[in-house]
Amino acid sequence: MMWFLMCVGLLIGGYFIYGKFVEKVFGINTQRQTPAFTKTDGVDFVPMSKGKVYLIQLLNIAGVGPIFGPILGALYGPAAMLWIVFGCIFAGAVHDYFSGMLSVRNNGQSVPNLAGKYLGKGAKHFMNVFAIILLLLVGVVFISAPAGLLGKLTGWDVSIFVGIIFTYYLIATIVPVDKIIGRLYPFFGALLLFMSVGLTIAIVVSSEHTLLPGFEAKDFLTNLNPNDMPLWPALFITIACGAVSGFHATQSPLMARCVENESNGRFVFFGAMIGEGVIALIWCAIALSFFGGVQGLSDGMGGNPANVVYEASTGLLGAVGGFMAILGVIILPITSGDTAFRSARLILSEFFNMPQTALPKRLLLAIPLFVMGAILTQVDFGVIWRYFGVANQTTAVMMLWTASAYLLRHNKLHWICTIPAMFMTTVVISFLLSSETLGAGLPITISTIAGLVSTAIISALIIIKTKGKGDEGIIEEA
C-alpha cells in the first residue's frame, strides 16, 4: 500500500513541481490570442472552458492503452510501476505539453506540420504517412477492444458492436467538435472516475486480495516475467499510453484548437497525462494483486488483457459495480477512437489544403479512412497491437525531437525534451533490431549498442543543425 500511494503521490507532485518548471521553460504568453479565437470556424476551432477541454483531452488520450498496456506490463513485476511514474512525469507529460502548446503557437497545426517546421521537410513527409498509419491502427484497436468486451458482457456477436461503433465514429468524425464530443464526454468522465476510484477502493479494502502480494522492494528493479520476456527494451514499448505515447501528439492539436488561453496548457496537456498515469498505475496494481502475482496474472490473462478487466471488475465490485467499471473501460477506447479518425481527417485536410467547414469535404476525407479501417479490423488483434506499439513510440520519438528542436532554436533548456527523446530513440531502435517478429532478431547486446550509437548520431545532428538559430531556416511559417 505504501508503494502504491507513494507512486500516486509522485505523479501528483510531478504535476505541481515539474509541470510548473516545464511551463516556465516554454514561456507562456497570457496576452497572446489562441487559435480558438483567431481561427474560429464552429467545427474544429471552438473556444471551450478549461475544465471541459481537460476532460476531453483526458478521454481522447486514455483509450485501452493505459489499461491493456499496464496489464501486459505487469507481467514484468512492479518494475512496470516505476516506468509508469517516471516515464509519465519526465517523458509523457512533457511530450503532451509541447505537442499541445506548439500547436497552440502554430495556429492549431497537427504534428506532421510541426515536425516539418522544426525538423525539416523530410520529417514532415515521414510524419504525414506515419501519423495516418498510427491513427488507423489506433482506430482499429479501439474498435476491436470495446466490441470484444461488449460481446463478452451481452453474449451478442462481436461484429454487431463493430458495426455500431464504426457508425458512431463516422458521425463523431464529421460533426462539429462541440456537438457530440463536447456534450457527451462529461458523462463519460463520470464513468471513468467511478471505474478508477471504485476499483482502487475495492482492492484496498478487499479481504481476499492483497495489494501487491508477496513483493519486496528489490522486486521493483527485477524482471519477474514468467514467460521469459526481456524487460529491456520490451517494457517501454508495451507500456506506452500510461508513460509516453506518440498517439497523444496526434490528439493534443484537437484541443489546442479549443484552448482559450496559454495559461490553461499545463492543466490541459501536462495534467491530462498525469491523470492517465494514475489510471495506468491503478490497473497495473490491480493486475499484480487480483491474481496473486505475475504467474497467476499470466494464467488468468490467457493472452488477452480483456479477460483481466472482466474478471477483476466483476470480482472486486460485483455484478452491478463490475458492469459499470467495464462500461468505463469500454468507453475509454471509444472516446479515443473517434478522435483518432477525426485527427486523421484533419491531417489529410492540412496535407491537401482542403478547408473542413463544408460537410461534403469532410465526408470526402473521412469515408476512405473508414474503408481502410474496416479492412484492418479483419487482421488479428495481437498483430495489430504489436504494430500499434512500435508505431506509437516512433511517433513519440519524432514529437520529442520536434520539441527539442524548438527549444534549441530559441536557446532554451532543451534537455527536458532531448533526454527523453534520446532514451526513447534508443528504446525504439533497440527493439526493432532485437525483435524476432517485427525486426531483425539480433542479439539484445548488439541491438542496444547500435541503438546507443544511432541515438548519439541523431542527437548530434539535431543539436548542430538547430541550436541558436531561432526562426532561421524554418520550413513553414506559423
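Position 1 is the first residue of the sequence, and the numbers go up from there. Computed from a prediction, not measured in an experiment: that's the story for all the values here.
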Would you say I416 and F21 make side-chain contact, with heavy atoms under 4.5 Å?
-> yes

Mark yes or no for whether N106, through its side chain, and L102, through its backbone, hold a donor-acceptor pair below 3.5 Å.
-> yes

For the side chain of N392 and the backbone of F247, is there at least one donor-acceptor N/O pair under 3.5 Å apart?
-> yes

Taking atom CD1 of I17 as the centre, does the number of heavy atoms from other residues, nucleotides or ligands within less than 6.0 Å exceed 12?
-> no

Output yes when a side-chain donor or acceptor of Q57 lies under 3.5 Å from a complementary backbone atom of F269, and no otherwise.
-> no

From OG1 (T394) to CD1 (I133), nearest 0.5 Å | 10.5 Å

Which is it for I89 and M273 under the side chain to side chain contact (heavy atoms under 4.5 Å, CB included) test, yes or no, and what are the steps along the way?
-> CA-CA 8 Å; I89 295 172; M273 183 60 209; over 6 Å; no

Backbone N or O of P233 within a donor-acceptor pair of the S430 side chain at under 3.5 Å?
-> no

Results of ring pair (Phe, Tyr, Trp, His ring centres under 6.0 Å) for F98 - residues two or more places apart only | F26

Donor-acceptor contact below 3.5 Å, side chain H248 vs main chain V244 = no

Can you tell me if R266 uses its side chain to pair, donor with acceptor, with the backbone of Y15 under 3.5 Å?
-> yes

How far does CE of M101 sit from OG of S252, to the nearest 0.5 angstrom?
-> 11.0 Å

How would you list, by chain and number, every residue that makes a side-chain contact (heavy atoms from CB on, under 4.5 Å) with P47, sequence neighbours excluded?
-> A36, F37, T40, E260

Side-chain contact test, heavy atoms from C-beta onward, threshold under 4.5 Å: evaluate it for R32 versus R105 and give yes or no.
-> yes

Looking at residues at least two apart in the chain, or sitting in another chain, which of them share a side-chain contact (heavy atoms from CB on, under 4.5 Å) with F161?
-> A147, L150, T154, W156, I164

Heavy atoms, side chains only, cut-off 4.5 Å: are F270 and E23 in contact?
-> no

S404 side chain to L400 main-chain N or O, any donor-acceptor pair under 3.5 Å?
-> no

Rounded to the nearest 0.5 Å, the CH2 atom of W232 sits from the OH atom of Y76 at a distance of 12.5 Å

Does M354 reach the side chain of L365, with side-chain heavy atoms less than 4.5 Å apart?
-> yes

In plain terms, say whether D44 and R345 are close enough for a salt bridge, that is, a side-chain N and a carboxylate O under 4.0 Å apart.
-> yes

Give, for atom CG of L10 and atom CD1 of I84, the distance between the pair rounded to the nearest 0.5 Å.
-> 13.0 Å

Taking all atoms of both residues into account, what is the closest heavy-atom pair of L119 and A405, and its distance?
-> CD2-CB, 3.7 Å

Would you find a donor on one side and an acceptor on the other, under 3.5 Å apart, between the side chain of S99 and the backbone of D96?
-> yes

Would you call Y406 and T466 a side-chain contact if the rule is heavy atoms closer than 4.5 Å?
-> no

With sequence neighbours excluded, what pairs up with N261 under the side-chain contact (heavy atoms from CB on, under 4.5 Å) test?
-> T30, S263, N264

Nearest-0.5 Å distance, CG of residue L348 to CG of residue L135 = 9.5 Å

side-chain hydrogen bond (donor to acceptor under 3.5 Å, both in side chains) contacts touching residues 450-464 (sequence neighbours left out) = T426-T455

Could you tell me which residues satisfy side-chain hydrogen bond (donor to acceptor under 3.5 Å, both in side chains) with W283, sequence neighbours excluded, listed by chain and number?
-> none

Are any of the side-chain heavy atoms of I462 and T418 separated by less than 4.5 Å?
-> no

Hey, can you tell me if F86 and F90 have their rings parallel, tilted or perpendicular (30° and 60° cut-offs)?
-> parallel

Within-4.5 Å side-chain heavy-atom neighbours: V309 and I71 = yes

Will you find, in the side chains of K39 and N107, an N or O donor that is under 3.5 Å from an N or O acceptor?
-> no

Say whether, by atom type as modelled, one donor and one acceptor occur between the side chain of Q393 and the main chain of F236 under 3.5 angstrom.
-> yes

Would you give the length of the straight line joining atom CE of M399 to atom OH of Y118, rounded to the nearest 0.5 angstrom?
-> 9.0 Å

Does any non-hydrogen side-chain atom of P253 lie less than 4.5 Å from one of L346?
-> no

